[in-house]
Protein chains: 2
Amino acid sequence: MATEETNANNIISFVGGRRPLYVEVMEELERLIKGRKLKPGEKLPSVEALTEILGVSRSTVREALANLETQGLIIRKQGSGTFVSQSSGKGFIGGMERIEPFRMIAKRAGLDSEVIFREVRTVIPDLEIAEQLGIDVDTKLIRVEIVEAIDGVPTMYLVDYLKESCGGEETLSEWEGSVLTYLVERCDPPLNQSRTEIFAVGADEVVASKLEIAEGKPVQYQVDTYLSSSGEILGIGFLHILTDHFHFFVNRRVV
Amino acid sequence: MATEETNANNIISFVGGRRPLYVEVMEELERLIKGRKLKPGEKLPSVEALTEILGVSRSTVREALANLETQGLIIRKQGSGTFVSQSSGKGFIGGMERIEPFRMIAKRAGLDSEVIFREVRTVIPDLEIAEQLGIDVDTKLIRVEIVEAIDGVPTMYLVDYLKESCGGEETLSEWEGSVLTYLVERCDPPLNQSRTEIFAVGADEVVASKLEIAEGKPVQYQVDTYLSSSGEILGIGFLHILTDHFHFFVNRRVV
DNA sequence: AAGTGGTCTAGACCACGGC
DNA sequence: CCGTGGTCTAGACCACTTT
């Protein structure tokens with residue numbers, strides 16, 4: 001991380017990736033926090049100190065801290081310092097500002113997650129989906145259907161519709177990881193952002209059978225629109241989540 | 001906004017408020033977008049152009065644009081430009097990254113909202129609430145209960161518990177605006193951030209009667225912890241929301 | 001090649017909190 | 001008063017998109 005060069009970015013790209021410096025800083029701090037080198041409530045080194053330790057500019061450190069705060073991992077207090085968020089220690093749940101595979105969130109929360117149903121096939125979209133994706137009704141889509149369980153309890157039912165530009169049915173069928181990981185790592189252009197709409201609904205017949213619950217039981221319903229960094233729509237996901245054993249949170253700010 | 005001074009902040013504070021320059025920039029752009037001077041999908045002036053038009057630095061413009069993007073009002077596309085978000089034109093809903101009074105969100109969506117029930121009283125908290133607020137069980141709290149309707153349909157049922165440091169029962173009873181506005185404008189320290197946990201539940205007897213729905217009907221349930229900029233807990237809110245006529249969205253990013 | 005947003009540096013001053 | 005995070009400027013170069 002440390003360097004004597006004027007612009008450290010050049011060095012970083014030689015070393016490993018072409019990721020921004022502030023992301024490297026974020027990851028370094030995340031490692032410290034998740035590895036409990038820095039405990040909940042504990043004070044981080046000051047911005048000034050971090051610039052020296054890491055050998056990067058103040059802006060870069062602050063960019064990293066801003067993102068970590070958005071994720072709820074730290075809290076910055078003007079005049080007194082930056083602290084590891086208390087809540088990151090207890091029963092941790094899912095922060096929504098960040099796109100993350102379900103099983104990653106579950107893992108961080110110390111819960112077991114398991115894919116108990118998975119099906120990939122090529123389909124022709126119906127009118128509504130075609131409209132939302134901005135495509136013709138005769139354009140083929142890859143449909144992915146997944147049920148995930150937490151501690152043995154079916155908790156999330158996901159149906160994704162992805163454009164073929166992200167790869168065909170075979171590629172996705174063989175993919176071991178999550179759909180989100182696939183979209184980020186294998187798609188061109190890659191997944192960069194998502195717009196998620198949130199509802200509370202009663203489980204219909206299909207959802208009830210997939211999640212093994214009674215019809216009409218309240219579940220969180222999300223419609224996720226997957227976008228590339230340039231705003232291109234890559235796909236759309238329909239999620240039903242049982243919030244009994246898992247739920248999301250959002251950090252909100254006054255503007 | 002324009003100035004020849006090295007640090008424009010001094011000027012700003014003389015003129016009116018002590019708000020950051022980038023907030024002024026945000027508000028200027030919001031006015032243009034909401035006033036339809038800039039229409040959905042339309043391209044904004046480039047960052048470079050904005051620095052000249054507004055007489056502020058590149059960083060300041062970018063800070064403003066970053067916040068507006070988080071709010072879902074604009075989309076930035078590397079290499080091509082910044083655009084007014086399409087979705088801000090159609091059936092607009094509530095972006096969750098920002099703390100906003102319910103009625104403000106509704107208003108922006110072009111919906112009528114109306115407070116159809118409101119009660120303020122002083123209470124002693126039960127054990128659970130006292131624990132979440134980090135106070136003794138004999139500390140008095142202000143309890144605010146509100147039902148809001150959208151287009152005549154009861155849609156949100158809110159129960160807030162606020163510390164007395166934010167003002168007594170009388171002050172709040174006479175307050176015309178929303179509780180959130182009160183916490184931001186009249187509280188010392190003021191409301192700055194909130195942590196919101198999201199669930200889907202069935203309406204219990206109380207909620208059903210307040211929202212005039214059947215018991216067991218799925219509603220979104222939120223627990224909002226209100227915090228000052230220094231992380232001090234100001235209060236806690238329990239919301240039940242009917243997502244039939246109104247719902248939230250969240251913009252999420254890959255990190 | 002030109003235009004536009006993304007990242008980064010270096011340095012300055014302000015506002016807040018605690019000593 | 002001092003340490004800390006917050007805001008702001010000026011200038012540089014990179015990465016991506018469009019012409």
Side-chain angles (χ1 to χ4, degrees), chain A residues 1-14 17-26 43-52 54-69 74-83 188-190 192 228-232 253, chain B residues 1-14 17-26 43-52 54-69 74-83 188-190 192 228-232 253:
Chain A
M1 185 74 67
T3 168
E4 274 69 41
E5 295 296 318
T6 309
N7 188 337
N9 195 33
N10 303 319
I11 305 297
I12 299 292
S13 29
F14 281 133
R18 52 181 64 89
R19 298 204 309 288
L21 242 189
Y22 71 85
V23 174
E24 307 266 352
V25 173
M26 284 175 63
K43 190 173 177 176
L44 271 68
S46 72
V47 173
E48 197 57 41
L50 285 173
T51 63
E52 288 178 20
L54 302 171
V56 299
S57 78
R58 200 167 186 273
S59 315
T60 302
V61 170
R62 280 185 44 73
E63 177 80 20
L65 294 180
N67 282 314
L68 291 175
E69 186 175 40
I74 60 171
I75 295 178
R76 294 185 288 177
K77 303 184 183 182
Q78 178 167 134
S80 70
T82 304
F83 305 82
D188 182 46
N192 176 265
S228 74
S229 62
S230 66
E232 184 189 338
R253 306 196 75 82
Chain B
M1 185 72 69
T3 168
E4 275 70 43
E5 294 297 318
T6 308
N7 187 337
N9 195 34
N10 304 318
I11 305 296
I12 299 293
S13 31
F14 281 133
R18 52 180 65 87
R19 297 204 309 286
L21 241 191
Y22 72 83
V23 173
E24 307 266 352
V25 173
M26 283 175 64
K43 190 173 178 177
L44 272 68
S46 72
V47 173
E48 198 58 39
L50 284 173
T51 63
E52 288 178 20
L54 302 170
V56 299
S57 78
R58 201 167 183 272
S59 315
T60 303
V61 170
R62 280 184 45 75
E63 178 81 21
L65 293 181
N67 282 313
L68 291 175
E69 185 176 41
I74 60 171
I75 296 177
R76 295 187 288 178
K77 304 184 181 182
Q78 179 168 139
S80 71
T82 304
F83 304 82
D188 183 46
N192 176 266
S228 74
S229 61
S230 66
E232 184 188 339
R253 305 195 74 83

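Atom set for the values below is all heavy atoms of this structure, side chains included, hydrogens, waters and symmetry mates excluded. The chains referred to below are lettered A, B, ... by the order of the sequence lines, with proteins before strands, and numbering in each begins at 1.
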TODO: In whole angstrom, give the distance that lies between atom CG of B/L54 and atom P of D/dC8.
DONE: 13 Å

TODO: With rounding to the nearest 0.5 Å, note down the distance linking OG1 in B/T60 to CG in B/L21.
DONE: 5.5 Å

Open item on the list: Under the rule for side chain to side chain donor-acceptor pair (under 3.5 Å), what residues qualify as partners of A/T82, not counting sequence neighbours?
Closed with: none

Task: Check against side-chain contact (heavy atoms from CB on, under 4.5 Å), B/E63 and B/L65 - done: CA-CA 6 Å; B/E63 178 81 21; B/L65 293 181; over 6 Å; no

Open item on the list: How many whole angstroms separate atom CD1 of B/I75 from atom P of D/dT17?
Closed with: 15 Å

Task: Close side-chain approach of A/E52 and A/L50, heavy atoms under 4.5 Å - done: no

Task: Between D/dT17 (P) and B/F83 (CZ): distance, integer Å - done: 12 Å

Task: Straight-line distance of A/Q78 CD to A/R76 CZ, nearest 0.5 Å - done: 10.5 Å

Task: Nearest-0.5 Å distance, CZ of residue A/R62 to CD of residue A/E69 - done: 9.5 Å

- [ ] Could you tell me the separation between the CG atom of A/L21 and the P atom of C/dT7, rounded to a whole number of Å?
- [x] 11 Å

Give every pair of a protein N or O atom and an N or O atom of nucleotides 1-5 of chain D that lie under 3.5 Å apart, one pair per line with the distance.
{"unit_1": "D/dG3", "atom_1": "N2", "unit_2": "A/G79", "atom_2": "O", "d": "2.7"}
{"unit_1": "D/dT4", "atom_1": "O2", "unit_2": "A/G79", "atom_2": "N", "d": "3.4"}
{"unit_1": "D/dG5", "atom_1": "OP1", "unit_2": "A/T82", "atom_2": "N", "d": "3.3"}
{"unit_1": "D/dG5", "atom_1": "OP1", "unit_2": "A/T82", "atom_2": "OG1", "d": "3.0"}
{"unit_1": "D/dG5", "atom_1": "OP2", "unit_2": "A/V47", "atom_2": "N", "d": "2.7"}
{"unit_1": "D/dG5", "atom_1": "N7", "unit_2": "A/R58", "atom_2": "NH2", "d": "3.2"}

Task: Atom-pair distance (CD1 on B/I74; P on C/dT4), nearest Å - done: 15 Å

TODO: Would you mind reading off the bend of the helix from C/dA1-D/dT18 to C/dG18-D/dC1 from its two end axes, five pairs each, to 10 degrees?
DONE: 10°

Open item on the list: To check you understand the geometry: which heavy-atom pair defines the closest contact between B/K77 and B/F83, and what is its length?
Closed with: CD-CE1, 3.9 Å

TODO: Output yes when at least one side-chain N/O atom of B/Y22 is less than 4.0 Å from OP1 or OP2 of D/dC8, else no.
DONE: no

Open item on the list: Let me confirm one number: the CZ-CD distance from B/R19 to B/E24, rounded to the nearest 0.5 Å.
Closed with: 5.0 Å

Task: Nucleotide C/dC8, atom P - distance to CE of A/M26 in whole Å - done: 12 Å

TODO: Test side-chain contact (heavy atoms from CB on, under 4.5 Å) on A/V23 and A/N67 and set out the steps.
DONE: CA-CA 9 Å; A/V23 174; A/N67 282 314; over 6 Å; no

TODO: Tell me what B/S59 touches on the nucleic acid: a base, only sugar-phosphate, or nothing, going by heavy atoms under 4.0 Å.
DONE: base

